[in-house]
Amino acid sequence: MPAPRVVALVPAAGQGVRLAAGMPKAFVSLCGRPLLWHCVHGLLESGCVEVVVVAVGEQHRDQARAVVAEAGERVRIVTGGVHRCDSVRAALHAVPDAEVVLVHDAARCLTPVSVIQAVVQAVLAGQPAVVPVLSVVDTIKQVSPDGRVVDTLDRAALRVAQTPQGFAADLLRRAHQGASALVTDDAGLVEALGETVATVPGHPYALKITTPFDLVVAEVLAGAKATGQA
Ligand code: CTP
Ligand code: MG
């Protein structure tokens, strides 16, 4: 296979503590298929991702391989790490020749292909780092450790960051060289380098399934999608 140009890295090695489903979140079922299946399927269905690298816990490699078996050699499985950034870095090492790299949470498995395509197009058009974002609908309060409000933030300037986040591969590699475990998204690492991060419109379907409530919402959304109601 020639060196892939656009590669998606899927960190899927988390424990899913907040979902509390008794298994890592990536293997929890949504409409009869694991979250990981939905995530990989969406990336490949976008038509602009050549190879997907999935990072899972060492003991879940075989299970992950079985979940994505139908995609054949377009999907590679690697062993993730303790923190999300360790898992992303492990996946990045597996594709040294990639030119454009997406990083996409397995937990955002209902992301529309249109969002994936918009991110890839923006990077291919010359943006070195691209993040899908949503406006904030709630008023956001900054609070002190003891729970008192210290400030009300200007909602107009705030956005919720989603994935896939897209990068020129060299920039992402540089960003991960000094990665801090405290940074929860890859764009944050790029920002720390002082580089510009562009935005494209995100989508409510790209929600991160984190809690049992989110899974209920996702079941409804997936059902609506399947029946053409959304
Ligand atoms: N992730 C990962 N490796 C880790 C931690 C997280 O690959 N060491 C992945 C998760 O599998 C998920 C994504 O990063 O797809 C976003 O993380 P999160 O939503 O926090 O998932 P979990 O860490 O699994 O959930 P929790 O924090 O509730 O345990
Ligand atoms: Mg986590």
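Residues take their numbers from the sequence shown, with the count starting at 1. Since we're looking at a predicted model, the values are computed, not measured. All ligand and atom numbering here is 1-based and tracks the order in the structure.
- Listed by number with element, the atoms of ligand 1 under 4.0 angstrom from any heavy atom of A106 are 15 (O).
- Geometrically, ligand 1 and A13 share a nitrogen or oxygen pair separated by less than 3.5 Å.
- Remark: D170 engages R173 in a salt bridge, criterion side-chain N to carboxylate O under 4.0 Å.
- Around atom 21 (O) of ligand 1, the closest heavy atom drawn from R84, H104, K25 belongs to K25.
- What sits closest to atom 22 (P) of ligand 1 on the protein, heavy atoms only, is G16 N, 3.7 Å.
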Which donor-acceptor pairs under 3.5 Å do side chains of residues 190-201 form with protein atoms, sequence neighbours excluded?
| from | atom 1 | to | atom 2 | distance (Å) |
| --- | --- | --- | --- | --- |
| E195 | OE2 | R174 | NH2 | 3.3 |

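- Here's the thing with A55: none of its N/O atoms is less than 3.5 angstrom from an N/O atom of ligand 1.
- Proximity to Q15 (heavy-atom distance under 4.0 Å) selects the following atoms of ligand 1: 24 (O).
- Atoms of ligand 1 lying under 4.0 Å from any heavy atom of A12, numbered from 1 in the order shown and given with element: 7 (O), 11 (O).
- Evaluated for a side chain to side chain donor-acceptor pair (under 3.5 Å) with D185, the options R84, Q162, Q165 yield exactly one hit, Q165.
- An N or O contact shorter than 3.5 Å is missing between T210 and ligand 1 by distance.
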Taking only distance into account, with no hydrogens and no angle test, what donor-acceptor pairs under 3.5 Å do side-chain atoms of residues 14-28 form with protein atoms, sequence neighbours excluded?
| from | atom 1 | to | atom 2 | distance (Å) |
| --- | --- | --- | --- | --- |
| K25 | NZ | I209 | O | 2.9 |

